[in-house]
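Everything numeric in this text was worked out from a predicted model, so none of it was measured. The first residue of the sequence shown is numbered 1, and numbering continues consecutively from there.
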Amino acid sequence: MNTIESIFSRSSVRKFLSRPIDTAIVEKIIEAGAAAPSSKNKQPWRFVAVVSDEKKREMVAAINSGIERETRGDGLL
């Protein structure tokens with residue numbers, strides 16, 4: 001498939017399966033993202049972590065919530 005065919009045959013996915021994605025596939029996607037071109041070659045993206053365990057996801061969500069609360073200035077400190 002060439003580039004033009006890829007552009008015209010793409011689709012947007014709105015529903016996802018709940019099965020886990022193979023770690024090798026996730027790593028390949030991250031590598032592709034890191035290699036993608038950017039304006040003026042600034043490459044402003046950062047990949048912090050890939051979390052697949054539910055408890056770790058909950059922990060990351062709680063940390064993120066706290067950071068957002070502190071950023072807004074409505075923290076308890």
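For Ile30, the CD1 atom is densely surrounded, since the number of other residues' heavy atoms within 6.0 Å is greater than 12.
In this structure, Lys56 and Val51 approach most closely via the heavy-atom pair CB-CG1, 3.4 Å. For the residue pair Gln43 and Ala34, the shortest heavy atom distance occurs at NE2-O, 3.9 Å. Taking all atoms of both residues into account, the shortest heavy-atom contact from Leu17 to Arg19 is CD1-NH1, 3.1 Å.
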Mind listing the side-chain donor-acceptor pairs of residues 58-65 below 3.5 Å, one per line with the distance, residues two or more places apart or on another chain?
from: Asn64; atom 1: ND2; to: Glu68; atom 2: OE2; distance (Å): 3.3

